Amino acid sequence: MINEAEILEDIKNDSDEYRHVILGTHSFDPVFFESILLPLFRLKDAESILVLSDRVQYQERFLDMRSAGNEYYIDHCYASKAFHPKFAILLWPEGVKLILGSANLTKQEWFESGEIVGSLTHYFSKPDAQSERVLSEFRDFLSKLIEKNYIKSKKHRSKLSKVIENLPASHADKKFNVHLLHNIEKPILSQLEDIIDKPIKSVKIVAPVFDVDGSVFDFFIKKGCKKFQIFIQPDNVTGFPKKKIKNLLSQGCSVEISKISFKENKDRLIHAKIMILKTAAKSFCLYGSANPTFSGMLSTPKNGNLELCVLSRSKPGHYDTLVENDRMLIESTSVDDAVGDAVGDAVGDTADSPEPSHLKPESYDITIHDAYLDKKKLVLEIDKPPVSANIVLRHVDEESCTIPVNTQEKIFAIDLDDEQFVFCSKPTYVQIRLRKSQDESNRRWISTQTLELIPRKSDIEKLQLGGGRFGLISFLDKLEKFVDEPEWFYYHLSRFRLDDPSTLERGRRKYVLISDDGTYNERPPETDIVSAFKKKFEKSSEGIKKSLHTMTEFNRDEFESQFNQFLAWSKMVYWLNLRDEKYLNYLRFIRTGMEEFLVLLSRTKHDKTLQKYLSKINFWQHFLLLSFMTYMFQKKAGFLRTNPGVLRVFNETTTQMINTLDSDVTFTKDDFKSVVDEYSEFKNLEIDLDAMSRFYEDFERRFLKF
Amino acid sequence: MIIFLNNYGELLKEMSLLEPTWNKSVKEYDRALDPLGLSRVNNRMVGDLLPGFTSMTQRAGYYVFYTWAIAQIRRKKLTKSLPQFKNAIYDLERLFMLSCIAHAETAPENNHAHITGMRKGRDSWNKNPDKIPLNIKFFGDKLGGYGQYYEKSMMHLGLAEWDDVDGYEKPTKLGLDMINHFTTLAVESGIMSQYGKKSISKSKLTEMGEKLCLCKLGEWNNDKNLLRNTFFGFSGTRNKSSKARQESFAMILSVIEQASTQNHKMTSQDFLDSVYFGGIQTVNDSIRIIIPPSLAELSKKWKIVKAHDNLAFATESILQSFLGILEMNHPKGLPLEDFFKIIFENFDAELGNLLNRQNENLHNMTVRDMISGILSGSEIVCDWDDISGTSKKFDTTISLSSEISEKSFVTNLEGLLIDQSPNPCKISVNGILLVLFTALRMSWRMNPNDSSAVWLKQFQESDIGILEFTDFVREHVKQNMSVVGFTREFILRYVILQAEKIYRDKINPNSNPKQWFHKSGSNYVRDRDYIAGPRSIRFESTLSILHDLGVVNSTDDILECTESGRKMLGRVLGTA
């Protein structure tokens, strides 16, 4: 009997959304990741995706990455030998999923080789002390990566922090059956010793990598254990400690060696690392990234690998079936027959192999620790200023762009011109070439803002919660960036319903998820977009009119709904006007909408509940601001000279508004703060409150006390 | 919640938190057979030159049978909807297939090849002593061999057309005219009286087979003549497709005729050589082939097909040798640099052998030097400021009778690749020379004013083909690059990166194709073997159809035009 987990299916099915994704791996297969996992995460609306990899592996597959920095972030993490953890943490508003084990982020290890994995799904609404404990241990692991400065990039650290702040904190006092062990401060086996406080009677090991010194065996011998069972694939084992085992046998220890394979596929590589330990009354299973080597189990990252494992406890015999079961072929062998004299390298596990010298950081005269875009600035962090150098930006297809710099700073920002900025819109990596020596730094993918700027389903959900009014403009801005064909974009936009923000989802999915499927090769249906928007605003205006006219007494829910909608489409009118003067005429819909509200307010003037409510929602501040902003748009378009009649009509509405306002009401600048803030999502709309104060000076009443 | 399955595939829901569990291996599909995406352009070109059939539509008799079946379904009102139509055509095809099998039992000497569903039918025939059940599932496609192979071809030929009202096909007037004789025989055979029955006796099938077997098309005279005229574009709609098919058939007949008069049985490669070199290589000699002037334009297109095949064969041969080297280093794999070391270890010597320049140091020889050396034997001076001019000289000078030509590299490669451990260095040298020679020959034609280049452009789309290869060679010749440098860049770009690109195009969250090789760290690791060979130009099915139509006589030893074939050829060329 053997239980099997389908990691990919699990990720596909567990949640419709994964907002933050962090993956840890030693070796990284960009083709697999970018073709299989990345589209999946995109479909799940991931807002940030960060891959942490081993430094050597990162450099070896560097040029195989096609969307690094743009669609996902990738970084290498410190360890004096290898960064070796294999994990995936997926976070969404309702829960979190953690998968960890021995499988690196490669197709071979996710789909083919024999790996041991464990999974945990925790829903925040269903507290579970054991899950919370493990997640708090994982939180500690991530926190330590930041604390120890193992990840240099500020941007990537912030992504880690985002996940950390959403993970549960510790349940330190209780005794649990499952522990997550990392070796950032203490070797794995030292921690195991702390947890298993009874003598260990026997140890069963399945692993592809050992060290010839057999240091892990020494550890257990010292603890009094004299019984070992070792399971290996002779053709795929590295560093098998023959000499040590012979010594142990001569000392009277029991060491049984067996060949292990899957019956249905004897060639299937077993990359799992399992250690089953037994005390008199309990059985423990240690699995995860660490091989039974000095670097893996007896070191910290300062002198070995960085590792992440799980130690779980159960009744005696519970874990034996993991190794000895009807799917496995186990053949007993002797130490001499187990492997030849050559100790060769194991396939797919180079954690304990010597590092290629050209990839060591010290081989570079200068090292780039961080590279990211902050708006139009390229921010770089280097280890050894000052430098006089050329910053070389490159794409995989070898297009390049060079920027000369002289800097004294470790962290410095380069203002990119339009051409350089556009260059960085494709996945771009950076390298520094010193001007004097022509020596080059390491290469590093530039983390851009593309990922943050992808419009998400959650943005639409936020819009829905705010009645369509909050976040509308930043959503439209984000979506607009994804659009290659403006005709299609405006076509979809003119068809979305202002009273139902969820209608934006269709357009979003089209642009964000399947933007490259050729759907937009054809032109959109012949439509007069400007007229289509006119109809939309007319319809909205009619809706407000109908609703407010039939409101004989104040209905808070209905009023709130109409007010939100009115503000939403007023913002949209401004947003369109900021792009094209063709929409100037539509400012009139703001005026007519305001008039409808004013009619209702005149009718219900003495309703104190309403007055109180108006104050709560900053109703008058919004209206005063709308009148002023509309005027500013008209003024900018030259209406003072060309359309004084239109201005006069608008002024009449403004006068009507002022007359409806209670005579004793006054406003300070502070009263406008939150209202002005609401409009801050407009990128090129500045609201000058002093100018607004001057605008209202032309009207008879003085209600602004600025 | 993680999905846990036990070894019987049953779902296990109750698992402890972070319970250690084996991962399930995920199956890869390995049907993808075009590792470098080089067959796509070939298929599009050949589809344009030989429209109306594919490499799987090998028997002309099916065009008559299926037209009759569609007509019967309508005449007897057997269906009211597409699903019922599918069932009906599947049932009729089963009866026809079993009749053919029965006839193969009594007349094994006749041509009973390529009967759709034959294996399943014969199993049933052998298993059942008397009655054959009529529920045998003989094809995955619900429309049987018709849906799988012939449906589109029949529409293309204008024998059947889609009926928007009914939602399934109907025969055209041309189709109905073509089945007169078959309809009479079908009535005589009683096939329709067996339709809808649960089983059929072997004796009844034998009786039906005597009338209706595929091999009897020759006896359905009028039907056959009309079908032949349709294939040759003398009946039915005249359009671009029918003209292309007519001319390609004429070209094939013309080459068959010229080769057979020299007692040579033409093969598909001979046909391509004849359009590429204007000749055919025989065991001891070469035969000059004259392309009829009216087919000159078509010949240029077929020449591109051959050039594409040269480039594809060269590139795929190098891929095969790369995978061979990786196999020897399995499972750890090899860095790319080590592969290049193996290739370049004896590269100069192999190059010297092929160019007959054994005693020279060729390590730094440039592509220009090499071509100049080859052409100087014909007293032709190369002008590298005019690559098109040099290309044209190359095209007119290097022929089948030259000491070395593309033909010799193809022959060398074919010999090398069947070796148990193919020599990667020899394969690479031959492959690269095949690429260089082909690209140089074609380069002068690949200009925007040349009709064949314009024709090719519409099929190349975003895939790679002659246009890109010739540009690549031109660029490197301009840079005066060494042969070694060129080889390295070519292999990197068109073998390694191209295989990775094609794989990336195919893999997605719902599709897990098997790779040819993958990277593990900086090492390349083999995943599966590849055997390089020529692309299909539908030659076998063309011959099979022409044979069925009585235009050629094709046996194991002979390939010749029949009298009828010569007449058709004369009719197309306007010489009859």
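So that the names make sense, note that chain A is the first sequence line, chain B the second, and so on, each numbered from 1. None of the values given here were measured: they were computed from a predicted structure.
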Residue part contacting chain B, namely of A:Tyr319, when any heavy atom lies under 4.5 Å: side chain

Heavy-atom closest pair, residues A:Asn236 and B:Pro331: OD1-CG, 4.1 Å

Give the table of side-chain donor-acceptor pairs shorter than 3.5 Å for residues 477-487 of chain B, with sequence neighbours excluded, one pair per line with atom names and distance.
{"residue": "B:Asn480", "atom": "OD1", "partner": "B:Thr366", "partner atom": "OG1", "Å": "3.3"}
{"residue": "B:Ser482", "atom": "OG", "partner": "B:Gly485", "partner atom": "N", "Å": "2.9"}
{"residue": "B:Thr487", "atom": "OG1", "partner": "B:Val483", "partner atom": "O", "Å": "2.6"}

Side-chain heavy-atom pair B:Trp22, A:Val117 within 4.5 angstrom cut-off: no

Heavy-atom side-chain contact between B:Ser25 and A:Phe111 under 4.5 Å: no

Neighbour count >12 (heavy atoms, 6.0 Å) for atom NZ, B:Lys501: yes

Side chains of B:Pro20 and A:Ser312 in contact at under 4.5 Å (non-hydrogen atoms): yes

Part of A:Asp267 lying under 4.5 Å from any heavy atom of chain B: neither

Within 6.0 Å of NZ in B:Lys152, more than 12 heavy atoms from elsewhere: no

Heavy-atom contact with chain B under 4.5 Å, split by part of A:Ile270: side chain

Under 4.5 Å from a heavy atom of chain B, the part of A:Val31 involved: both

Euclidean distance, A:Asp235 CG relative to B:His330 NE2, rounded to 0.5 Å: 11.0 Å

Distance in Å, A:Cys285 SG paired with B:Glu19 CD, rounded so as to fall on 0.5 Å steps: 8.0 Å

Partners meeting ring pair (Phe, Tyr, Trp, His ring centres under 6.0 Å) with A:His76 (sequence neighbours left out): A:Tyr58

Option among A:Gln130, A:His122, A:Arg133 that satisfies the side-chain contact (heavy atoms from CB on, under 4.5 Å) test with B:Leu17: A:Gln130

Separation between CD of A:Glu112 and NZ of B:Lys514, rounded to the nearest 0.5 Å: 6.5 Å

Approximate separation, where rounding is to 0.5 Å, of A:Leu180 CG and B:Leu18 CG: 7.0 Å

Residue-level contacts of residues 506-513 of chain B with chain A, using a heavy-atom cutoff under 4.5 Å: B:Ile507, B:Asn508, B:Pro509, B:Asn510, B:Ser511, B:Asn512, B:Pro513

Short side-chain to backbone donor-acceptor contact, B:Asn23 and A:Ser113, under 3.5 Å: yes

Residue A:Ile274 versus chain B: region with a heavy atom under 4.5 Å: side chain

A:Glu60 versus B:Lys519, closest heavy-atom pair with distance: O-NZ, 4.2 Å

Closest non-hydrogen atom pair, B:Tyr503 against A:Lys107: OH-NZ, 2.6 Å

Those residues that, when tested against A:Arg66, pass side chain to side chain contact (heavy atoms under 4.5 Å, CB included) (two or more places apart): A:Glu34, A:Val396, B:Arg504

A:Glu398, CD: over 12 other non-hydrogen atoms inside 6.0 angstrom: no

Rounded distance (nearest 0.5 Å) linking atom CG of B:Leu497 with atom CG of A:Asp397: 11.5 Å

Proximity breakdown for A:Thr106 and chain B, heavy-atom pairs closer than 4.5 Å: neither

